[in-house]
Amino acid sequence: MHVVVTEDPEGPGGTLGHENGTVTHVPDLAEAIGSWPESDHREVRWVWGDTRRVYPGVLGRGVRVGRCHDVALTEGLLLGAEGRYGEPRSAEAAYARLHGFAVPEDREAVVEGGQGTLFEAEPREAGFGVGEAELVAAVYQDQLGRIGRLKEPGRFRLLVAAESAGALIAAEMGFFGMPWRESVHDALLTELLGGRPAHGMRPSKLQALADEVAAAFGQAVNPDSPQQIIKAFKSAGLTVPSTRSWVLKEVDHPGVKPLLAYKELARLYSFHGWVWADQWVKEDRFRAEYVVGGVVSGRWATSGGGALQIPKLMRRAVVADEGWTLVVADAAQLEPRVLAAMAGDGGLARAAGEIDLYAALAKAFGGQRDAAKIAMLSAMYGGTSGDAPKLLAVMRQRFPQAYAFVEDAARAGEEGQLVRSWLGRTSPPPSARWRELVSGPEGTRASRDRGRFTRNFVVQATAAEWATTLMAILRHHLPDPAKLVFFQHDEVMVHCPLDQTTTVRSAIATAADEATRLLFGDTPVRFPMEAIAVTCYADAK
DNA sequence: CGCCAGTGCGCC
DNA sequence: AAAGGGCGCACTGGCG
């Protein structure tokens with residue numbers, strides 16, 4: 001069964017819309033959801049316009065839900081599938097389209113940017129002469145109908161369920177937070193940088209390196225300015241095309257070493273330094289803002305805090321609570337396995353039945369595991385340099401179906417067509433700019449670029465679907481109080497009491513298996529998900 | 001002053 | 001060694 005949920009613009013109240021069409025106003029929404037008759041609590045699908053607007057408040061009152069249908073996320077997926085990519089996807093917009101009213105822009109598109117301002121800027125639209133509960137209910141019914149008319153409604157329903165579950169998980173991860181020891185983080189920064197500087201100053205070790213750089217060049221140079229660095233090298237008689245670290249590494253000049261050291265530390269300082277901690281870490285928890293489906297491929301993005309780019313070095317600060325542990329699991333070689341399963345390539349699927357897929361493929365590539373890996377990555381990314389052409393020729397011969405699968409996706413992209421993931425996420429259409437370019441002198445290049453994008457899209461998007469499905473299942477298998485606290489494309493982290501370690505590890509294995517069956521049915525492809533329990537994230541690999 | 005593109009680099 | 005896909009974010013420096 002489903003229940004439509006709306007929250008009052010002010011206060012803790014809201015409405016519950018029942019399947020028979022009646023709408024009840026409740027003074028305390030979280031309480032009403034939490035006290036829903038236990039017998040069917042797990043069976044309820046809570047339908048709401050936007051998880052980010054409704055769920056945090058509910059969580060804040062200590063209530064969690066099992067399943068939901070996020071109307072805005074679903075609308076985005078449906079619009080893409082219907083060739084209307086990019087149109088506003090809020091429940092209000094969907095309702096307006098349904099009835100021929102003027103379609104309001106999405107609020108996040110209007111407000112955009114700043115943390116915490118996402119939904120505060122303007123009061124809720126007055127509506128279209130209909131209560132919000134009726135509005136959401138009408139859009140929900142319409143969406144069910146549209147899903148039913150798609151080519152693969154069953155798969156798309158899985159996609160919608162996974163995306164909606166992802167929204168719940170993202171909200172919960174943001175709410176509960178990832179363990180982050182401020183004291184460890186501070187000690188690490190102090191060791192590397194030399195203590196927190198006064199406002200407007202560089203940390204001492206950073207300043208020392210900057211001074212070394214200036215001394216080496218015999219002139220003042222801002223190490224944060226690529227332009228100034230290039231000029232400084234020029235006046236030393238050296239021409240560098242850029243200041244990328246791998247370029248500078250090859251340059252013979254005394255300024256290079258301190259400069260590279262500076263760049264590395266400066267990044268830590270500005271990205272994950274004290275200012276970052278002030279903003280994002282409270283009470284030994286890092287609370288990130290995830291954006292479900294924020295990447296066109298369906299991967300998650302972040303809107304602040306950089307949760308998906310935590311430097312390996314900083315993982316020292318991620319430490320389980322006393323008596324608790326971190327169970328960290330990542331899917332090994334996820335993308336080639338996804339390709340094997342999707343393409344139905346017998347040979348590749350057999351290799352993907354092994355724990356080390358690349359080793360299993362090595363035979364086909366002259367016994368070279370590295371060659372097999374480059375061949376697979378080139379096939380999935382559209383690589384053309386080095387040995388790629390030669391290795392791709394081997395792949396074409398030995399794994400023709402997998403080869404054809406990515407080639408077809410690339411060709412579709414080059415021709416300006418849309419491609420779809422396994423569950424039905426649709427790639428964005430080519431931009432107007434691309435259409436101009438493609439018929440001009442730079443046409444071949446633009447065409448190839450888009451081909452590489454669509455080639456990768458089908459694999460990356462399906463990998464994202466597998467990972468989100470796994471998480472959605474895992475969430476239901478976790479014993480209380482274990483919690484998902486981190487997710488990064490193909491890696492999950494669960495924070496749990498020590499005595500739940502074994503249960504959590506097997507829950508992860510089960511979830512990986514169930515996700516594989518749900519998506520691909522009876523495939524020989526295996527998706528190994530090795531889980532390791534650690535006290536500190538840095539010890540996970 | 002804010003805005004924006006370019007650069008560079010962290011993660012998968 | 002540094003190519004091929006996807007991101008976010010800090011910083012510089014030019015512009016209005």
Side-chain angles (χ1 to χ4, degrees), chain A residues 112-115 202 206 221-231 240-250 259-260 262-273 275-276 279-280 288-315 330-336 338-339 370 373-389 391-392 406 409-410 413 419 421 425 427-428 448-464 466-467 486-492 537 541:
Chain A
E112 189 128 45
Q115 176 210 4
R202 284 195 180 105
L206 218 42
V221 49
N222 178 359
D224 288 320
S225 167
Q227 288 184 28
Q228 290 188 30
I229 294 168
I230 287 175
K231 262 192 215 149
V240 291
S242 77
T243 65
R244 292 184 170 87
S245 54
W246 67 83
V247 171
L248 295 185
K249 236 169 250 167
E250 304 305 313
L259 184 55
L260 290 175
Y262 177 91
K263 281 157 78 84
E264 198 177 332
L265 289 180
R267 196 187 149 83
L268 287 176
Y269 173 58
S270 64
F271 264 66
H272 289 95
V275 174
W276 173 87
Q279 187 178 359
W280 295 102
E289 290 176 10
Y290 294 99
V291 185
V292 173
V295 180
V296 291
S297 66
R299 278 184 173 184
W300 290 16
T302 51
S303 66
L308 301 178
Q309 295 121 263
I310 299 169
K312 292 225 160 95
L313 193 68
M314 286 292 169
R315 297 179 181 185
D330 73 318
Q333 306 156 343
L334 177 58
E335 294 192 348
V338 158
L339 173 58
D370 274 5
K373 185 172 175 176
I374 290 170
M376 285 305 296
L377 294 179
S378 299
M380 293 186 298
Y381 291 157
T384 54
S385 66
D387 291 338
L391 297 171
L392 284 172
V406 286
V419 295
S421 69
R425 188 185 302 270
S427 68
R448 294 252 165 85
D449 283 351
R450 188 160 190 281
R452 276 197 302 279
F453 167 65
T454 51
R455 169 195 293 272
N456 184 252
F457 179 94
V458 293
V459 179
Q460 188 184 112
T462 305
W466 183 89
F486 186 57
F487 170 52
Q488 186 173 230
H489 310 311
D490 61 358
E491 175 181 1
V492 299
Y537 186 24
K541 273 201 276 212

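Every chain is numbered from 1 and lettered A, B, ... according to where its sequence line falls, protein lines coming before strand lines. Just so you know, these numbers use all the heavy atoms, side chains as well, and skip hydrogens, waters and symmetry mates. A quick note: this is a predicted structure, and the numbers were derived from the prediction, not measured.
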task: Taking side-chain contact (heavy atoms from CB on, under 4.5 Å) as the test, write out the residues that go with Leu308(A), two or more places apart.
output: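 For Leu308(A), the residues satisfying side-chain contact (heavy atoms from CB on, under 4.5 Å) (neighbours in sequence not counted) are Tyr290(A), Thr302(A), Gln488(A), His489(A).
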Tell me the interatomic distance from [X], atom [atom1], to [N], atom [atom2], rounded to whole angstroms.
{"X": "Trp276(A)", "N": "dA10(C)", "atom1": "CH2", "atom2": "C1'", "result": "15 Å"}
{"X": "Asp449(A)", "N": "dA3(C)", "atom1": "CG", "atom2": "C1'", "result": "14 Å"}
{"X": "Phe453(A)", "N": "dG6(C)", "atom1": "CZ", "atom2": "P", "result": "6 Å"}
{"X": "Asp387(A)", "N": "dA2(C)", "atom1": "CG", "atom2": "P", "result": "13 Å"}
{"X": "Gln333(A)", "N": "dG5(C)", "atom1": "CD", "atom2": "P", "result": "22 Å"}
{"X": "Tyr269(A)", "N": "dC9(C)", "atom1": "OH", "atom2": "P", "result": "19 Å"}
{"X": "Leu206(A)", "N": "dA10(C)", "atom1": "CG", "atom2": "P", "result": "16 Å"}
{"X": "Arg425(A)", "N": "dG5(C)", "atom1": "CZ", "atom2": "C1'", "result": "16 Å"}

Could you check whether any side-chain heavy atom of [X] comes within less than 4.5 Å of a side-chain heavy atom of [Y], counting everything from C-beta outward?
{"X": "Trp276(A)", "Y": "Met314(A)", "result": "no"}
{"X": "Met380(A)", "Y": "Pro336(A)", "result": "yes"}
{"X": "Trp280(A)", "Y": "His272(A)", "result": "no"}

Salt bridge (charged side-chain N to carboxylate O under 4.0 Å, His left out) against [X], all qualifying residues, sequence neighbours excluded:
{"X": "Arg315(A)", "answer": "none"}
{"X": "Arg425(A)", "answer": "Glu163(A)"}
{"X": "Asp330(A)", "answer": "Lys541(A)"}

Using a 4.0 Å heavy-atom cut-off across all strands, classify [X] as base, sugar-phosphate, or nothing.
{"X": "Gly306(A)", "result": "sugar-phosphate"}
{"X": "Val459(A)", "result": "nothing"}
{"X": "Ser378(A)", "result": "nothing"}
{"X": "Ser297(A)", "result": "nothing"}

query: Any ion pair linking Glu335(A) and Arg299(A) (charged N to carboxylate O, less than 4.0 Å)?
result: yes
task: Taking only Lys NZ, Arg NE, NH1 and NH2, and the carboxylate oxygens of Asp or Glu, determine whether Arg452(A) and Asp449(A) approach each other closer than 4.0 Å.
output: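 Yes.
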query: Is any side-chain nitrogen or oxygen of Thr302(A) closer than 4.0 Å to OP1 or OP2 of dC7(C)?
result: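 No, Thr302(A) has no side-chain N/O under 4.0 Å of OP1/OP2 on dC7(C).
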message: Looking at Asn222(A), I'd like to know whether one of its side-chain N or O atoms comes within less than 4.0 Å of OP1 or OP2 on dT12(C).
response: yes
Under 3.5 Å between N/O atoms: give me all the protein pairs with nucleotides 14-16 of chain C, atom names plus distance.
none

- prompt: When you measure from the side chain of Thr462(A) to the backbone N and O of Ser421(A), does any donor-acceptor pair fall under 3.5 Å?
  reply: no
message: Assuming nearest nucleotide by heavy-atom distance, tell me which of Gly305(A) and Glu250(A) is located more 5' along DNA chain C.
response: Glu250(A)
field: Protein-to-nucleotide contact annotation, 5' to 3' order, nucleotides 4-12 of chain B [B base; S sugar-phosphate only; - none; under 4.0 Å, heavy atom]
entry: ---SBBBSB
